[in-house]
Amino acid sequence: MQHYLTIDIGGTSIKYGIVQSDGTLLSNKHVPTPATWDGLLEQVDLIFNETPAEASIAGIAISAPGAVDSASGVIHGISALPYIHDRPFLQAFKNRYSLPVTVLNDANAAALAEGWTGGAASTARYATVVIGTGVGGAFIDKNEVMIGSHFHGGEFGYWILDPSLSHPDGTWSKVGATAVLVKRCSDRLGRPLTGKDIFKLQTDPVVQEELERFYRWNAIGIYNIQFSLDPERILIGGGISRRPEVRDGIKRHLDELCDAFGTFRIDVETCQHFNEANLIGAARFHMLNA
């Protein structure tokens with residue numbers, strides 16, 4: 001059984017652990033993300049040196065935000081960590097360790113995890129939709145991540161769902177994200193709410209109305225994914241997806257759309273890997289591409 005050191009670099013914290021070649025995550029730790037590039041390199045050194053000798057690391061798999069070009073190892077676009085962009089990111093780590101190193105976008109890593117040991121296991125073609133502050137996701141075809149010509153494959157949040165609104169207000173991220181749901185409910189009820197508050201108040205008529213709006217917009221987005229990419233299954237992720245009524249609500253609106261257009265019912269489920277997804281998926285990508 002081989003072991004891989006996996007590192008998920010986030011805007012506020014770095015998660016890391018050891019993943020076995022069967023997909024088992026043996027450990028999951030985290031430390032604050034450094035504020036500088038040199039600090040990041042030093043922190044990864046500490047993580048690497050912390051790895052027990054008996055783990056016999058076969059490679060290092062990194063998950064990172066931004067438009068990641070896994071082939072060149074350069075991260076384009078923007079993220080909460082400006083210092084990781086447009087520099088020889090991957091090569092810096094290859095130069096430091098005598099092991100194979102790979103890097104993949106975090107949303108794509110999470111999607112690969114679902115196809116390996118999660119909600120899309122044994123599914124050849126599937127998509128993930130991650131609903132949170134914005135909306136993102138990925139499309140996987142036979143273990144291949146659809147990166148796209150500009151490294152923006154799976155950036156569903158940019159899709160325009162409501163053309164009556166000026167851009168970007170009509171995009172999926174602006175009409176269907178969890179943050180939008182919380183803000184609309186807070187504004188209408190006149191007090192600050194959290195995501196948990198929304199579901200405690202879901203019998204309130206205003207909250208009910210906003211939840212139905214939320215379900216409807218996400219159903220429209222998922223419907224469009226189905227009839228553009230035609231995956232076998234679409235998985236819903238993000239913290240809000242832990243609520244079973246979210247999947248049920250979106251699916252109810254999806255069924256209405258499918259009935260109205262006379263199409264087949266769309267297979268929608270919930271992601272099974274949450275906080276561990278990026279680590280497991282980064283290891284999967286490493287095993288397939290290192």
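From a predicted model like this one, the values you see are computed outputs, not experimental measurements. We're numbering straight along the sequence, starting at 1.
A donor-acceptor contact shorter than 3.5 Å links the side chain of S70 to the backbone of V103. A donor-acceptor pair under 3.5 Å is formed between the side chain of T6 and the backbone N or O of G17. Checking side-chain atoms of Y126 against main-chain N and O of G115 turns up a donor-acceptor pair under 3.5 Å. The backbone N or O of V135 lies less than 3.5 Å from a partner atom in the side chain of S173, making a donor-acceptor pair.
Atoms CG and CD1, on D255 and I250 in that order, are 12.0 Å from each other to the nearest 0.5 Å. S186 OG to I198 CD1: the interatomic distance, rounded to the nearest 0.5 Å, is 6.0 Å. For the atom pair CZ (F139) and CG (N108), the distance works out to 12.0 Å, reported to the nearest 0.5 Å. Annotation: the span from Y83 atom OH to L40 atom CG amounts to 4.5 Å, rounded to 0.5 Å. For the atom pair OG1 of T117 and CG of L112, the computed distance is 10.5 Å after rounding to the nearest 0.5 Å. Rounding to the nearest 0.5 Å places OG1 of T178 at 12.0 Å from CZ of R243.
Contact record, A107 with G137: CB-O, 3.9 Å, taken as the closest heavy-atom pair. Closest heavy-atom contact between A179 and T133: CB-O, 3.7 Å. Taking each heavy atom of L193 and L189 in turn, the nearest pair found is CD1-CD1, 3.9 Å. When all heavy atoms of M1 and S21 are compared, the pair lying nearest together is SD-OG, 3.3 Å. When all heavy atoms of A80 and G11 are compared, the closest pair comes out as CB-CA, 4.1 Å. In this structure, W37 and A92 approach most closely via the heavy-atom pair CZ2-CB, 3.6 Å.
In the hydrophobic cluster analysis, where Ile, Leu, Val, Met, Phe, Trp and Tyr join through side-chain heavy atoms closer than 4.5 angstrom, I57 is grouped together with Y97. V19 and L26 fall into different hydrophobic clusters, defined by Ile, Leu, Val, Met, Phe, Trp and Tyr side-chain heavy atoms under 4.5 Å apart, directly or through other members. Residues L181 and V129 are members of one and the same hydrophobic cluster, defined by side-chain heavy-atom contacts under 4.5 angstrom among Ile, Leu, Val, Met, Phe, Trp and Tyr. Grouping the Ile, Leu, Val, Met, Phe, Trp and Tyr side chains by contacts below 4.5 angstrom, directly or via other members, places V180 apart from L165. Side-chain heavy atoms closer than 4.5 Å link hydrophobic residues (I, L, V, M, F, W, Y) into clusters, and following such links, even through other members, never connects Y4 to F93.
At a threshold of 4.5 Å between non-hydrogen side-chain atoms, the residues I147 and N105 do not count as touching. A 4.5 Å side-chain heavy-atom check between K15 and E276 finds every atom pair outside the cut-off. Taking 4.5 Å as the limit, some side-chain heavy atom of R265 sits within range of a side-chain heavy atom of D259. In this structure, the side chains of I14 and I7 come closer than 4.5 Å at one or more pairs of heavy atoms. The shortest distance between side-chain heavy atoms of I18 and L5 falls below 4.5 Å.
Sorted by first then second residue, the ring-ring contact (aromatic ring centres under 6.0 Å, His included) pairs that include residues 99-123, not counting sequence neighbours, number zero. Sorted by first then second residue, the salt bridge (Lys or Arg N to Asp or Glu O under 4.0 Å) pairs that include residues 102-115, not counting sequence neighbours, number zero. Legend: side-chain hydrogen bond (donor to acceptor under 3.5 Å, both in side chains) pairs involving residues 191-205, not counting sequence neighbours, sorted by first then second residue: T194-D197, Q202-E245. Screening residues 148-191 for ring-ring contact (aromatic ring centres under 6.0 Å, His included), with sequence neighbours left out, gives H76-F151, F156-W159.
In the hydrophobic clustering, where aliphatic and aromatic side chains (Ile, Leu, Val, Met, Phe, Trp, Tyr) are joined below 4.5 Å either directly or transitively, I78 stands alone. Through direct or indirect side-chain contacts shorter than 4.5 Å among Ile, Leu, Val, Met, Phe, Trp and Tyr, L46 is connected to no other residue.
Every side-chain contact (heavy atoms from CB on, under 4.5 Å) that E209 has, sequence neighbours left out, goes to R188, R213. Applying the side-chain contact (heavy atoms from CB on, under 4.5 Å) criterion to E50, with sequence neighbours excluded, gives Y16, K29. Remark: P168 pairs with T171, K174 by the side-chain contact (heavy atoms from CB on, under 4.5 Å) rule, at least two apart or across chains. H85 pairs by the side-chain contact (heavy atoms from CB on, under 4.5 Å) definition with I75, S79, not counting sequence neighbours.
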Sequence neighbours left out, cut at 3.5 Å: what donor-acceptor pairs do the side chains of residues 277-290 make with other protein atoms?
unit_1 : atom_1 : unit_2 : atom_2 : d
N278   : ND2    : D8     : OD1    : 3.3
N278   : ND2    : D8     : OD2    : 3.2
H286   : ND1    : I60    : O      : 3.3
H286   : ND1    : T102   : OG1    : 2.9
N289   : ND2    : F285   : O      : 2.9

Let me have the donor-acceptor pairs involving side chains of residues 226-240, under 3.5 Å, with sequence neighbours excluded, atom names and distances please.
unit_1 : atom_1 : unit_2 : atom_2 : d
Q226   : NE2    : D230   : OD1    : 3.0
Q226   : NE2    : P231   : O      : 2.9
S228   : OG     : N224   : O      : 2.8
S228   : OG     : I225   : O      : 3.2
E232   : OE2    : A124   : N      : 3.3
E232   : OE2    : R125   : N      : 3.2
R233   : NE     : D267   : OD1    : 3.4
R233   : NE     : D267   : OD2    : 3.0
R233   : NH1    : G119   : O      : 2.9
R233   : NH2    : D267   : OD2    : 3.3

Candidate pair F89 and V68, rule side-chain contact (heavy atoms from CB on, under 4.5 Å), full reasoning:
CA-CA 10 Å; F89 178 91; V68 179; over 6 Å; no

Subject >> Trace of the salt bridge (Lys or Arg N to Asp or Glu O under 4.0 Å) decision for R252 with D248 >> reply: CA-CA 6 Å; R252 173 163 43 81; D248 294 345; over 6 Å; no

Next item on the list: Could you check D141 against M146 for side-chain contact (heavy atoms from CB on, under 4.5 Å), going step by step and ending with a plain yes or no?
Entry: CA-CA 7 Å; D141 187 353; M146 186 187 73; over 6 Å; no

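T36 and D38 form no side-chain donor-acceptor contact under 3.5 Å, judged by distance and modelled atom types alone.
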